[in-house]
Structure formats: C-alpha cells, structure tokens
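Could you have a look at this structure, given as structure tokens, before my questions?
Naming: A, B, ... by sequence-line order, numbering from 1 per chain. Scope of the values below: all heavy atoms of this structure, side chains included, with no hydrogens, waters or symmetry mates.
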Amino acid sequence: MKKVVGIILNNSKKNELDIKNIENKGDPHTAIASKYRLIDFPLSNMANSGIRNVAVMLGNYSQKLTEHIGSGKDYGLERNINGLLYLEEDYLTLQGLGTPNDLRDLLKNIDYLTNIKEEYILVSGSNFVANIDYKKIFNEECLEDCDMLLLYKKNDQKLRFVNQVVLNAKGVFEDIYYVTEETVVENLFMDTFFIKKEVLIQMLRAANRSGILCMNAFLRKVKREITIKAYEYTEFAYYIDSPKSYYEANMAFLDQKIWQQIFNVSRRLIYTKNSDLPPTAYGPRAVVENSLLTSGDEIYGQVKNSVIFRNVKILDNSTIENCIIGDNSIIEENVHLKNIIIEPNCRISSNTTLISSPENPMVIN
Amino acid sequence: MKKVVGIILNNSKKNELDIKNIENKGDPHTAIASKYRLIDFPLSNMANSGIRNVAVMLGNYSQKLTEHIGSGKDYGLERNINGLLYLEEDYLTLQGLGTPNDLRDLLKNIDYLTNIKEEYILVSGSNFVANIDYKKIFNEECLEDCDMLLLYKKNDQKLRFVNQVVLNAKGVFEDIYYVTEETVVENLFMDTFFIKKEVLIQMLRAANRSGILCMNAFLRKVKREITIKAYEYTEFAYYIDSPKSYYEANMAFLDQKIWQQIFNVSRRLIYTKNSDLPPTAYGPRAVVENSLLTSGDEIYGQVKNSVIFRNVKILDNSTIENCIIGDNSIIEENVHLKNIIIEPNCRISSNTTLISSPENPMVIN
Amino acid sequence: MWKKECVAMILAGGQGSRLGVLTKGNAKPGVPFGGKFRIIDFVLSNCKRSGIDTVGVLTQYKPLVLNKYLANGSPWDLDGYHGGMYILPPYMTEHGGSWYQGTADAIYQNIDYLEQYQPEYVLILSGKHIYNMDYSEMVEDHKKQGADITIAVIEVPWEEASRFGVMKTDAAGKVTGFEEKPKDPSSNLASMGIYVFTYQVLRSFLIDDSQDKVSDHDFGKNVIPKMLKAGKKLYAHTFDGYWKDVGTIESYYEANMDLLDRKHASALFLEENKVYSNNKFLPPHYVGPSGKVQNSIVADGSKIFGSVKNSIVFSGATVGEGVHLEDCILLPNAVIESKVTLKKVIFTEDSVLNEEDPIAERLTDYVRKHSSENEVSIIDENRFFSSKTDGKGFVNLKELLDIG
Amino acid sequence: MWKKECVAMILAGGQGSRLGVLTKGNAKPGVPFGGKFRIIDFVLSNCKRSGIDTVGVLTQYKPLVLNKYLANGSPWDLDGYHGGMYILPPYMTEHGGSWYQGTADAIYQNIDYLEQYQPEYVLILSGKHIYNMDYSEMVEDHKKQGADITIAVIEVPWEEASRFGVMKTDAAGKVTGFEEKPKDPSSNLASMGIYVFTYQVLRSFLIDDSQDKVSDHDFGKNVIPKMLKAGKKLYAHTFDGYWKDVGTIESYYEANMDLLDRKHASALFLEENKVYSNNKFLPPHYVGPSGKVQNSIVADGSKIFGSVKNSIVFSGATVGEGVHLEDCILLPNAVIESKVTLKKVIFTEDSVLNEEDPIAERLTDYVRKHSSENEVSIIDENRFFSSKTDGKGFVNLKELLDIG
C-alpha cells in the first residue's frame with residue numbers, strides 16, 4: 001500500500017439536513033462502542049491496511065478531533081516524514097452548506113493533493129463502523145486498469161437521503177446519485193473510493209472550471225472515458241446518521257458475532273486514545289448481563305443489554321436496560337432507565353425513572 | 001509554571017490590513033533565520049518556561065502549521081494527557097475581519113477555557129522572534145495580587161498601526177489602544193499577557209453580552225476594578241509584520257550578539273521540526289562571509305551578509321549579497337543578487353542579475 | 001546534557017525467585033498486576049506524578065518482556081528530550097564486564113549515567129512495590145532538613161517488623177538507629193526501600209563501598225549502616241498510605257485482592273494521579289447473558305460467560321459458560337472454558353483450559369483437596385503449583401490424570 | 001506479538017579498540033561521523049528505507065552514550081507499536097549471566113527476542129559500516145533463490161582482498177567457496193558482514209554452534225563455513241555502491257574525507273533516502289566576516305571565524321579567528337581558539353584549545369614535525385596521539401611544553 005495515500009472526510013452533516021437541532025451523532029468525534037470514536041474506524045482501517053500517509057479533514061470539531069487523534073501515535077501513524085496530516089474544510093462545508101458528494105473540501109486542498117507522490121488516493125468518510133481490509137480490496141480490484149473504485153453495500157439499514165450506486169444488469173457501474181425522495185435505496189455508497197491521483201486532480205480542475213462541485217455529476221459525464229468500478233462490501237458496516245442509527249449500532253456490538261468481526265480480527269485492531277483509567281470494578285451486589293463495559297466503570301447496580309462508556313458509575317439499586325451511558329456519567333441510587341441514551345458527563349439523580357421506546361430512544365444530556 | 005496554561009494566537013493579520021496582496025510575512029508558519037518558523041518561538045519559549053499545556057489557534061494555515069508542529073514532540077510538548085492542543089479561530093478571523101486585540105478567537109473557545117484547571121493563562125501572539133523566560137517574569141511579577149500582566153517593549157522598530165500601552169507618570173498601567181494614525185508609538189504591546197483564568201472568563205462573558213469584542217475597551221472599563229500591570233521587556237524581540245521587518249529580522253541574526261541572545265541561551269533552546277538533511281557542503285571555490293547557513297545547503301559561489309535557508313544550492317560564479325534565500329531554492333551559475341528575498345522553491349536561472357534597495361527588498365517567488 | 005535537580009533510579013533487575021513460575025520468563029517488575037497493569041507501572045506513575053522526568057531503570061534478569069513493555073517510556077510521559085527513561089543493563093568496559101552484585105553496586109556501576117545530569121538529589125526506588133506516592137514531598141523534606149539521606153518509612157504491625165529494616169527516630173524524624181531484619185525489633189517504622197540521597201554523598205559512599213571487599217553492596221545491609229556510623233544526617237519520611245511489597249506469591253495474591261477493597265483501590269487510583277500503563281488496544285469487555293460478576297475487577301478485552309466472584313480478571317482473559325471462580329486471579333489472556341469450580345487459584349498468562357480438556361472433571365476436586373485456606377494454587381500450562389511448594393516443585397496435571 | 005517477515009539484528013557491541021581514544025567512553029557505532037551523524041545512523045536509516053520496522057540492537061561495550069542517542073528509535077521511525085527498535089544487552093537468567101562471546105553468540109543469546117516475532121528471515125547487520133543500501137532487494141533475492149543464507153558482497157581491489165572474508169561464486173551467484181582473510185585470495189568478492197538468514201536455518205545453526213566448545217561463535221569464522229560444509233544454500237548478493245568499514249582510525253578518517261567527494265556524498269545522501277539522525281536542536285551555522293570555508297562540510301551550530309579547507313566541522317564546533325585548518329576533522333563541540341595552523345588532525349568531542357593556551361605557539365610546529373603523510377594526528381584533552389601510536393601511547397602536550 002505504499003502506492004496509496006488516505007484522506008478522511010467528514011460526511012456526516014450531508015446526511016443530516018433534516019435533524020439540525022439535536023447533537024449530530026455522525027460526527028467524526030462521536031463516541032461509540034464503550035471506548036471508541038467514529039474517526040477511530042477509518043484511521044485504524046487505513047493504518048492496518050499499510051497506508052502510511054493519512055490526511056484528516058478538520059472541520060468545526062477540530063479541537064475535539066485533534067485532541068483525540070493527537071499525533072496519530074495510537075494508530076501507528078506518527079512518522080517523522082508524513083504520517084498523519086490535517087487538512088482544512090471549505091468555508092461552505094464549515095457552515096454546513098455542502099451538498100452530497102461535494103468536491104469543495106478536496107478542491108480547497110488541491111495543492112496538497114497535487115504534491116502527493118502516491119499513485120492512488122483512498123478517500124473515506126467517517127460516519128460508519130467497520131473493520132475493512134483496504135489492502136485486500138485494492139490488490140484484488142484496483143491494481144489493474146482501474147481509475148476509480150467505489151465501495152457500496154446493501155442498504156440493510158434502510159437509510160434514506162443517501163447516495164445510491166446503480167449497476168447495470170452485468171453488475172457494471174452505471175451511475176451514482178443522491179436520493180432525495182423517501183424511497184429506500186438498494187446499493188448504498190459507502191462514501192469511500194480509491195481513485196488514481198491524476199484522475200482526482202483532473203476531476204477537481206474540471207469542477208473548478210465548471211462550477212459543478214458534485215462528484216456524482218462529474219462521474220456521470222466521464223463514465224465512458226475513465227474506468228469506474230463498483231465493489232460491494234459484504235462484511236458488517238453500520239452507518240451512523242441519527243440517534244436511531246447510533247443507538248442501533250451500539251446495540252449491534254452486543255451480538256458476539258458482530259463484536260468479533262469488528263474487534264477481534266487478527267492484525268486489524270481498532271485503535272483509540274488511551275484513557276489510563278483503572279479496570280472496571282463490580283460491587284458485591286452488581287448484576288450485569290449481555291453488556292459491554294470498560295475502564296473506569298464502577299458497577300453496583302443492575303445492567304442489562306447495555307453499552308457503558310468510560311468512567312461511568314452506576315450506584316446501588318439502580319437498573320439499566322437497553323441503554324447507552326456516556327463517558328463520566330453517574331447514575332445515582334434507585335434509578336431505572338430503559339431504552340435511553342445518556343450523553344457524557346450527565347448525573348441522573350436518585351429515584352429517577354426514564355423509559356422510552358427502542359424505536360425512538362430518548363437522548364438525555 | 002504548573003499554574004499556567006499557554007495559548008498562542010495568530011495576530012499577524014491584524015497588523016496587515018495595509019499590505020493585503022503580498023505574502024503575509026507575519027504568519028505563524030513564516031520561515032525565518034535559516035531553519036525556523038515564527039511559531040517555533042512562542043512554542044519553545046512556553047515549553048522552556050515549564051508550561052506543559054499549550055494550545056495553538058489554527059487558522060487558514062492549519063495544514064502547514066499542524067504539519068510543522070506535528071505532535072509537539074520537537075518542543076517537548078507531546079504528552080499523553082494534555083500537552084499540545086489545537087483550537088479553532090472564529091469565522092470572522094478566518095476571513096481576515098478581526099479587529100485589534102479582538103476577543104473573538106478566545107470567545108469561540110470559551111468551553112475549552114472554562115475547563116482549564118490552571119489558575120493563569122499566558123496568551124501570546126506568534127509574529128515575533130524572541131527568547132523569553134516567561135517563568136522569571138511570572139514569578140517576579142504575577143504571583144502576588146495581579147489579575148493581568150501585559151508585556152510591552154519600546155517600539156525601536158518604529159512600527160505603526162499597533163497597540164500602544166500607556167503608563168502614567170509612576171509607570172502604572174493607564175491604557176491600551178490601537179494607534180490608527182501615522183504616529184510612532186512609544187510602548188508597543190507585545191500581544192502577550194498573563195491573565196487569571198477567572199478574569200479572562202469574566203472578560204469574555206462581558207464581551208459576549210455587550211457585543212464589544214475588543215480587549216482594549218474592556219480593560220479601559222475595568223482597570224479600576226482589577227489589578228492590571230504592565231511589564232517592559234527589554235531583551236531582543238523583533239516583530240514581523242511586513243517584508244521589510246521580515247528582512248530586517250533575518251539580517252539582525254548576523255549580529256553575533258543578537259544571535260547569542262536568541263539561540264545560545266542555556267536551557268532555553270529554540271526548537272523546530274527536523275529536516276534530516278546532510279550538513280552544508282562547501283565547494284572548492286566557495287567564498288562565504290558573515291552569513292548563516294544550514295543543513296542541505298551546497299555552496300559553490302560567493303555568499304556575503306546573507307541568510308540561506310535549508311537545502312539551497314548556490315552554483316559556481318554566482319554572488320549573493322544581503323539576501324535571504326528560501327528553502328529548496330536553486331541559484332544557477334553566474335547569478336548576481338543583492339538585497340533580494342528569494343521565496344522557497346525558486347530557481348533563479350543562470351546569468352540573472354537582481355538588485356534592489358535594502359529599504360525595500362524585492363521579493364521573488 | 002541538562003543538569004537535573006533530581007534523577008530517579010529504579011532497581012528492576014531482580015529475578016524474584018519467590019514469585020516462582022510468575023517470573024519464569026520475566027523480571028519481577030514486569031509481572032502483570034491489578035487487571036491491566038504491570039508491577040512497575042506504579043513506581044513509574046509515581047515519578048510522573050512527582051514531576052520527575054529523568055529515570056534510569058536498572059535491569060539484569062530476563063529483561064526482554066520488561067524492555068518491550070517499557071518501550072520508549074511514552075506511556076508514562078518519560079520520552080522527553082531533556083530527560084526521559086533509560087534502561088540501564090550491566091555493560092562491558094575496557095576492563096571487562098561485571099553483573100550487578102547488589103542494590104548499591106547496581107547504582108555504582110551507573111555513576112557515569114548520573115554524572116551526565118549532575119543531579120542535586122538521587123531518588124532510589126524499587127520496581128516491586130505497589131503504592132501511590134508523591135516523591136516531591138519527600139524531596140522537599142530532604143532539602144528542608146539538609147539531610148544526606150532520607151528514607152521513606154511506614155508503620156507496620158509490630159509482629160511483622162522483623163521482616164523489614166527498621167528505624168529508630170527522634171522527634172524531628174532524625175534516624176538514630178537502624179536495624180536490618182532484627183529479631184527483636186525496637187521500632188515498627190519499616191524502611192520502604194525508597195531513598196532520597198544527596199548525590200555527592202551517595203557518590204562518595206558508593207565509591208567507598210565498591211572498594212569494600214566484605215560488603216554485599218546492598219543499601220540496607222551496608223551503605224545505610226555505614227552512613228549512620230559515619231555520622232551522616234539520616235532522616236525518616238513517614239508515608240501513611242497503601243504500600244505493599246509484592247515479593248512472594250502470597251503477598252502478590254494479597255495485593256491483587258486488596259484492590260477489591262474500595263478503600264485501597266481509591267488510595268491507588270486517586271482521581272488526578274492516574275496509574276499509567278502501556279496498554280494494548282483492547283476492546284471493552286463483554287459480560288454475556290449467562291455471565292455473573294460480583295465484587296470483582298475486570299479488565300478490557302475479556303469475556304465473561306461464567307460466574308466470577310471476588311476475583312481479578314486480567315486483560316483478554318475468557319471465563320467460559322459453566323465456569324465458577326471465586327477468589328481467583330486470571331492473568332492476561334488466560335482462557336478457562338472447561339466447566340470447573342475453583343477457589344483461590346491463579347491462572348498464569350496465556351494458560352488455557354479447553355472445553356474438552358479431560359482435566360476439567362477432576363481439577364475441581366483436585367484443587368479443593370490439595371490446597372488449604374492459607375494456600376494459593378497456580379495453574380500454568382497444565383502444571384499445578386501450590387504457593388507452599390512453588391519454586392521447589394509442581395504437579396503435572398496431565399500425568400496426574402493418567403495416574404488417577 | 002505480531003509475526004514479522006524480516007527482523008534485523010544490528011551488532012553494536014564492539015569496543016572498537018582500534019579506534020583508540022575515539023571510543024574511550026562510547027561504543028564504536030556511537031562515534032560521531034560526517035558532520036552531524038553517528039556511525040550507526042547509516043545502518044538504521046537503511047532499515048527505515050528498506051521498510052524494516054523491527055530492529056534489535058545488540059550492545060555490550062559502554063552503551064550509555066549510544067543508548068541515549070538511540071533513545072526510543074523515533075528519529076528512524078523505529079518507535080512503532082507493532083515493531084520498533086529494541087536494545088538488547090547481555091542479561092541474566094536463572095542460570096546466571098553471560099557476556100556476548102562472538103557475533104553468532106550475541107544472536108544466539110537473543111533467540112527469545114526473535115522467537116517473539118517468528119520471522120521468516122533475519123537480517124544480520126553491523127553497526128560500524130557507512131553505506132546506503134536497500135535491504136529489501138537483498139531479501140527478495142534471498143527469497144527467489146530459496147537460499148539458506150545470502151551474503152552481501154562487494155568487489156574490492158585484489159591487493160586488499162586478504163583483509164576480508166572472500167567468496168567464490170558460480171554464475172548464478174551461488175557461493176562455492178569461502179575463505180576468511182586468506183593469504184592468497186582466490187576471489188576479490190569480499191563479504192560486507194551483512195547476512196540474510198532463513199530464520200529456521202539460522203536458529204538451528206546457532207543452537208548447534210552454541211554447543212561447540214572450540215568455536216569462537218563468529219559468523220564469518222565459524223557459522224558460515226559450517227553451513228557451506230553442511231551443503232546449505234549460500235548465495236552472494238553483489239552491492240556496487242559506496243561501502244566503508246570504519247574499524248580503524250585511518251579508515252574512519254578516510255570515510256569522513258570521502259564525503260568531500262560529491263560522488264560519494266551523493267551516493268550516501270540520495271534525495272529520497274535520507275540518513276536520519278537524532279539531532280540536537282542546533283541553530284544554523286555562522287561563517288563570520290573573517291571566516292573562510294573551502295571544499296568542506298560544516299554542520300549546524302558551529303561558528304567559523306578562521307580558515308577551513310578540505311575539512312569536516314561537526315555540530316557545535318568553533319574555529320576561532322587566525323586558526324588555519326586543512327584536512328582536519330573537528331568532532332562535535334570542539335573549540336579551537338588559539339592561533340594554530342594544523343593539517344590532518346582530528347580534534348575529539350568537546351576538546352578545547354583556548355585562545356590563551358600556551359600550547360598554541362608550539363603546537364603547529366610539533367604536529368608538523370611528528371606526523372607524516374600517512375599519519376593522522378589526534379588531539380584530545382591536551383594529549384597528542386598519532387594514528388600509528390594510538391591505542392599504545394600518547395604525548396601529554398602540557399608536559400611536552402614544560403620540557404620543550
């Protein structure tokens with residue numbers, strides 16, 4: 001993978017036009033699965049695939065993101081030369097005015113892209129959880145006569161307002177477009193593609209000239225001239241674009257099969273920033289069932305089918321069921337929660353009872 | 001200095017309203033003194049003063065700046081907890097619309113500031129070269145009954161459009177204001193101050209309520225209520241706000257006394273990113289006099305009173321006098337340059353002669 | 001090289017033979033502890049907490065695992081340019097090489113390392129203690145008293161005092177007498193093996209001691225008594241927190257179990273004074289539908305499908321369905337999948353009991369029969385040790401079953 | 001621990017007694033070289049260039065300076081989580097400790113280190129060579145040939161061949177004969193002391209050799225001849241770039257001076273294949289109004305007020321006004337401020353000749369008289385050595401002046 005450089009974009013806001021007013025759960029720094037953040041997945045995947053140079057697009061969340069990623073050391077991406085790099089988003093993106101598959105952010109960094117020595121660029125979004133072996137995909141699909149390789153997956157999450165990849169009867173790439181209606185898309189574009197550096201530069205220059213800053217439009221125009229392939233990713237990959245999908249993704253990790261596919265792949269660990277908290281302490285009357293817990297947690301009450309983030313205290317006589325409890329939160333005595341997302345740093349006072357429906361989990365912050 | 005956290009702002013553009021169209025020489029990533037960048041000075045000064053937590057405000061130059069600073073390891077600021085951190089500038093600042101001593105950038109990061117555990121905050125600009133012992137200043141001036149300590153120096157550079165610090169007859173702080181007329185200021189505010197965290201928070205909240213986002217105005221209002229001191233910095237410190245001052249500052253380092261004051265202070269080295277270039281090679285007919293040179297340079301011609309940056313080639317029969325030659329530039333054979341600033345990555349073709357006046361050095365890029 | 005006020009030297013070379021099979025491929029400070037830590041994490045984290053950024057780690061016995069774990073010191077922020085952590089093994093000079101003969105000799109052989117920093121004070125620490133202490137207070141005390149050596153002491157029960165070096169002090173804390181492991185202790189102030197020396201005094205006593213052919217070159221046995229005799233100023237600095245020397249299997253077991261007591265756990269894991277470790281990247285731990293965890297400590301990367309009570313489950317360990325553990329310690333990556341019911345057993349790192357393992361059936365009975373209340377059993381690669389026999393012998397469980 | 005295809009082991013334990021005073025407090029690989037480097041930088045940078053991220057550095061002789069310099073390996077990007085640089089000193093086991101007896105023994109004693117990675121291939125390197133080489137090509141060759149060992153060779157002039165281990169090969173590069181320092185060499189293909197071994201073959205030959213009581217446990221003398229005899233597949237890999245073994249003062253001096261030849265310098269400092277070093281933070285160097293530098297190499301942090309010709313001025317060195325140096329080497333931080341005119345002199349690290357030094361007057365004459373064309377003089381702390389006498393004796397310049 002010496003030939004490939006990685007770029008991680010933030011695609012979350014583009015799927016989020018409809019739910020402006022609540023915390024955007026698809027941001028790269030969104031915490032997930034007890035101890036990770038969304039950005040950990042594309043970073044770890046690229047690092048594990050042998051990509052040595054990775055650029056992360058910073059946006060409105062740059063402080064949180066740079067604090068979490070740091071030097072990239074935790075991902076093995078700290079190098080004296082190259083390694084991890086930060087890029088800037090376009091002003092319009094910063095203001096949440098980007099369009100689907102917008103090329104603005106890449107265009108803003110065209111100087112950086114032009115100077116890249118690698119032959120291919122792997123562009124990835126940052127609002128999904130998956131453990132992807134990019135090296136395998138690249139070696140199998142990309143090494144010969146391919147200008148661009150788009151990754152898609154079956155839309156088993158039934159997401160709407162997404163980019164649809166269309167194939168012809170022979171399975172050949174036909175089109176990619178943003179679906180604005182309330183129809184369910186079959187092949188979901190994974191915001192991830194390999195592209196020859198020269199093709200990307202050519203695309204960005206054309207976009208700049210024409211003012212049409214949508215990748216979809218460009219691809220439609222040139223699909224006879226360049227070789228575009230589509231690759232179906234069939235392993236577990238879950239998109240986070242709303243509190244609902246956020247809740248579902250966390251709960252999915254309670255399935256040991258999915259957990260294994262993501263966190264127990266030989267040589268493909270998911271990395272994250274260390275917390276240096278002591279291991280989980282269980283009190284004498286703790287009862288815990290089918291749950292994920294991590295460092296710093298102290299459990300005295302009952303926890304069932306839940307995902308507990310770092311440094312959470314659950315005190316005596318409290319029951320937590322089908323919940324997500326964010327970092328540093330304290331659940332006092334005699335609290336009963338069911339189907340609830342507790343944001344980080346919350347304190348739920350004693351004798352509180354909160355129950356919501358699993359289809360529409362309540363978010364407390 | 002466990003009590004102090006550092007914040008480095010970018011003050012350059014605020015002094016730069018008049019010279020919009022040429023490269024802003026006071027940006028934090030501006031290269032200076034053969035192998036440094038301006039940001040190296042505040043970062044090294046803070047690190048050498050024992051400040052462990054330093055936040056750097058990122059602006060339009062975030063890619064260059066984060067690439068140069070990296071993890072902060074070169075400055076000894078890489079820590080598992082805290083250490084180096086990046087903050088975001090305000091939108092208006094990003095668009096170059098800030099006003100002098102604007103509080104917008106700090107206000108944008110009020111959440112970060114509120115969570116700081118240290119008692120004092122040291123705010124510094126990033127467009128000057130100096131080797132400052134902040135620890136000494138803090139210990140002598142700040143530890144007792146002082147809410148804010150402003151650093152100023154005599155305006156020996158005769159800079160205009162700057163912030164003036166006014167003292168009364170007893171030398172007590174009286175006022176600070178931005179001088180818009182073409183008058184020469186006596187006491188130049190160094191864009192650097194210690195402030196009690198609580199006072200800064202209070203100031204930012206007041207600014208936010210009132211909409212008056214200028215620090216000067218706020219200080220004028222509260223100077224009877226809080227203890228504001230002014231400290232005259234008397235060692236060498238040079239401001240870079242234009243090609244002229246940029247040129248002068250570089251030339252100043254040819255003075256061994258100044259060189260010693262900046263680069264040869266025990267335990268207070270100036271750090272920068274390593275280049276891993278081989279040492280300078282001098283050819284058989286090289287003649288070099290009163291000049292600074294560094295790694296990667298290859299000198300076959302004649303160099304006098306000049307500052308040569310990294311990886312520069314000066315070929316046979318060329319003469320360079322009173323020049324600044326930027327990184328990676330190549331001066332071909334039989335070139336004659338006098339009082340010229342050559343930007344990085346330039347190639348000056350053989351048989352070129354360029355001479356400008358030292359008062360207004362020509363910039364070639 | 002920059003001058004340093006205080007440089008710390010951590011003695012981490014001991015074989016720790018009384019830890020038996022736990023140190024078979026690893027020096028004592030590298031032994032896992034407390035779910036996710038290794039023993040040396042505590043002293044290194046203390047250094048970080050105390051603002052000491054220059055630390056020499058003296059190694060000698062099988063240092064591969066420890067060296068790899070310590071890596072570049074960055075987990076403890078000891079990878080700075082102007083200090084940092086340096087591993088100091090024995091080395092060879094033009095006069096040949098010599099191994100470290102005793103605690104004092106180990107420091108003596110690294111005087112060149114100390115000379116580089118020209119420190120005012122040298123802090124001598126041990127890599128086998130579990131505690132959370134701010135050394136800067138002790139150094140401040142040392143300075144204030146103008147002492148030549150300050151010795152950290154802790155009050156121990158009188159009946160245990162004879163196991164330690166004990167100190168008699170006057171009201172000001174000045175040491176008036178010192179006895180190494182006395183039969184009839186005249187004080188219950190035990191030395192913790194933590195010393196602040198004024199460097200120049202240390203230097204001269206070490207050079208002196210190196211010439212002494214009858215000396216064991218040990219701080220407690222030789223150097224400190226010599227200093228007392230020479231009329232040097234010895235002071236005691238009293239520590240009243242949690243402190244444990246994990247030199248034997250019993251004390252190692254106890255110290256782990258102490259973490260189940262929230263009082264001890266909070267003393268060690270104070271909010272602002274974290275214990276840092278070189279963590280591997282482990283996912284959260286999972287308690288399955290059939291799992292049950294009570295009064296225990298469980299580290300990341302482990303999976304629990306059985307019942308666990310009053311136990312410590314280390315990183316990456318697995319407790320299978322139908323397994324019942326009480327008062328047990330599962331070291332990293334131990335996997336127990338055969339349906340056993342065990343009490344007071346330590347499973348060593350990477351040890352495995354497969355589901356189909358024929359041992360399972362008999363193991364529960366065997367352990368119950370062959371261990372007593374005061375005994376800890378250890379299972380390591382199908383070998384069974386008891387804390388009473390370890391170091392001397394073991395029982396091969398496979399053979400046992402053949403016989404049985 | 002992750003499996004690695006290829007692990008490199010760098011032999012860096014030698015005293016290098018033929019480098020005399022240059023290694024008085026430092027192992028040979030730690031000796032400064034080429035203005036800003038140390039000798040070991042070249043082999044470490046080669047590893048980085050070749051994509052080898054797991055490197056063991058075997059140390060034994062006075063490792064303090066070297067260990068400090070190598071630090072965490074990060075200057076060479078050898079501080080990764082899944083590999084990195086590990087310093088491997090001799091250590092103690094339950095059976096006691098033993099020093100490294102020879103090159104093969106040093107690797108043998110660290111078989112446990114290699115076992116952790118279960119490598120396919122092991123690259124054996126020396127820490128005392130100056131060259132820029134991509135080992136991955138050699139490893140590829142080794143794989144393609146299905147070799148048991150591949151030995152890097154370089155053509156040397158016939159008259160020098162008897163100083164090396166020389167190799168006879170067939171057309172395919174297969175080694176058919178090997179002679180260690182033969183009187184009448186039958187080939188001028190010299191072994192560079194760089195070997196790629198198939199790990200399992202290396203392992204079995206090392207274990208075997210460790211039992212051999214008459215063996216010197218040396219690769220060239222013992223292991224390779226044994227492999228040849230046993231019918232193993234030995235291949236030669238020819239290298240045709242710049243390569244120098246800096247084992248003596250003369251070869252050290254020559255290799256430094258070679259850098260003044262742009263041909264050699266470009267071979268070593270190829271654009272994309274930098275030589276990395278653990279730089280201190282040095283400001284640009286300054287050539288004063290009275291300075292004159294010709295055909296020389298000057299490192300950062302130095303100051304030149306005198307004249308310097310055909311010389312190497314290392315980091316932080318100072319050449320005062322009125323000083324004339326030709327064909328000289330000033331090691332780091334050497335300061336020459338007395339008005340001397342010297343030719344072919346090496347000033348050691350930190351050596352100082354003050355302006356008022358009474359030596360100045362006589363030194364110029366003395367050096368001229370007491371050195372010849374083929375001789376390099378060394379000045380170290382007022383002692384004068386000649387490359388012909390170094391290691392045996394020196395002249396105290398102060399005393400000399402008293403007598404004179």
Side-chain angles (χ1 to χ4, degrees), chain C residues 1-2 13-17 20 23-27 54 56-57 59-75 78-100 109-117 278-281 391, chain D residues 1 13-17 20 23-27 54 56-57 59-75 78-101 109-117 278-281 391:
Chain C
M1 192 48 53
W2 287 7
Q15 179 181 350
S17 55
T23 53
K24 73 183 164 178
N26 193 349
T54 308
V57 180
T59 60
Q60 168 152 285
Y61 174 78
K62 288 195 180 170
L64 282 183
V65 173
L66 187 61
N67 285 357
K68 180 149 264 163
Y69 181 74
L70 296 175
N72 59 8
S74 71
L78 286 170
D79 57 340
Y81 270 109
H82 308 307
M85 184 193 72
Y86 287 93
I87 293 177
L88 301 171
Y91 57 88
M92 210 172 231
T93 69
E94 49 275 64
H95 312 300
S98 77
W99 301 97
Y100 297 153
Q109 290 204 41
N110 286 286
I111 276 194
D112 282 353
Y113 171 80
L114 290 170
E115 281 289 301
Q116 297 178 92
Y117 298 103
N278 193 356
N279 276 328
K280 286 176 216 131
F281 299 95
Chain D
M1 192 48 52
Q15 179 180 351
S17 54
T23 53
K24 72 183 164 178
N26 192 350
T54 308
V57 180
T59 61
Q60 169 153 283
Y61 173 78
K62 289 196 180 171
L64 281 184
V65 174
L66 187 62
N67 285 358
K68 179 150 266 164
Y69 182 73
L70 295 176
N72 60 7
S74 71
L78 287 170
D79 57 339
Y81 269 110
H82 308 305
M85 186 192 72
Y86 287 93
I87 293 176
L88 302 171
Y91 58 88
M92 212 171 229
T93 68
E94 49 275 64
H95 312 300
S98 77
W99 302 96
Y100 297 152
Q101 303 304 320
Q109 289 203 39
N110 286 285
I111 276 192
D112 281 353
Y113 171 79
L114 290 169
E115 281 288 302
Q116 296 177 94
Y117 299 102
N278 193 354
N279 278 327
K280 285 173 216 135
F281 298 96

Looking at D:Thr59, is its backbone amide N or carbonyl O close enough to the side chain of D:Tyr100 to form a donor-acceptor pair, meaning the two atoms are under 3.5 Å apart?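 No; zero donor-acceptor contacts below 3.5 Å.
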I'd like to know if the side chain of D:Tyr86 reaches the main chain of D:Tyr113, judged simply by a donor and an acceptor atom lying under 3.5 Å from each other, with no hydrogens or angles considered.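 Not at all, since once roles are kept as given, no pair shorter than 3.5 Å links the two residues.
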Toward chain C, the part of D:Leu88 with a non-hydrogen atom under 4.5 Å: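 Only the side chain of D:Leu88 comes within 4.5 Å of chain C.
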Which residues pass the ring pair (Phe, Tyr, Trp, His ring centres under 6.0 Å) test with D:Tyr69, not counting sequence neighbours?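 D:Tyr69: ring pair (Phe, Tyr, Trp, His ring centres under 6.0 Å) contacts with D:Trp76.
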Reported CG-to-CD distance for the pair C:Leu64 and D:Glu115, which is rounded to 0.5 angstrom: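 The CD atom of D:Glu115 is 11.5 Å from CG of C:Leu64, to the nearest 0.5 Å.
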Options D:Gly25, D:Ala27, D:Ser98, D:Gly96, ranked by heavy-atom pairs under 4.5 Å with chain C, top entry: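 Maximum pair count with chain C is reached by D:Ser98.
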Most heavy-atom pairs under 4.5 angstrom with chain C, which of D:Gly73, D:Pro63, D:Ala71, D:Gly13?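 Of D:Gly73, D:Pro63, D:Ala71, D:Gly13, D:Pro63 has the most heavy-atom pairs under 4.5 Å with chain C.
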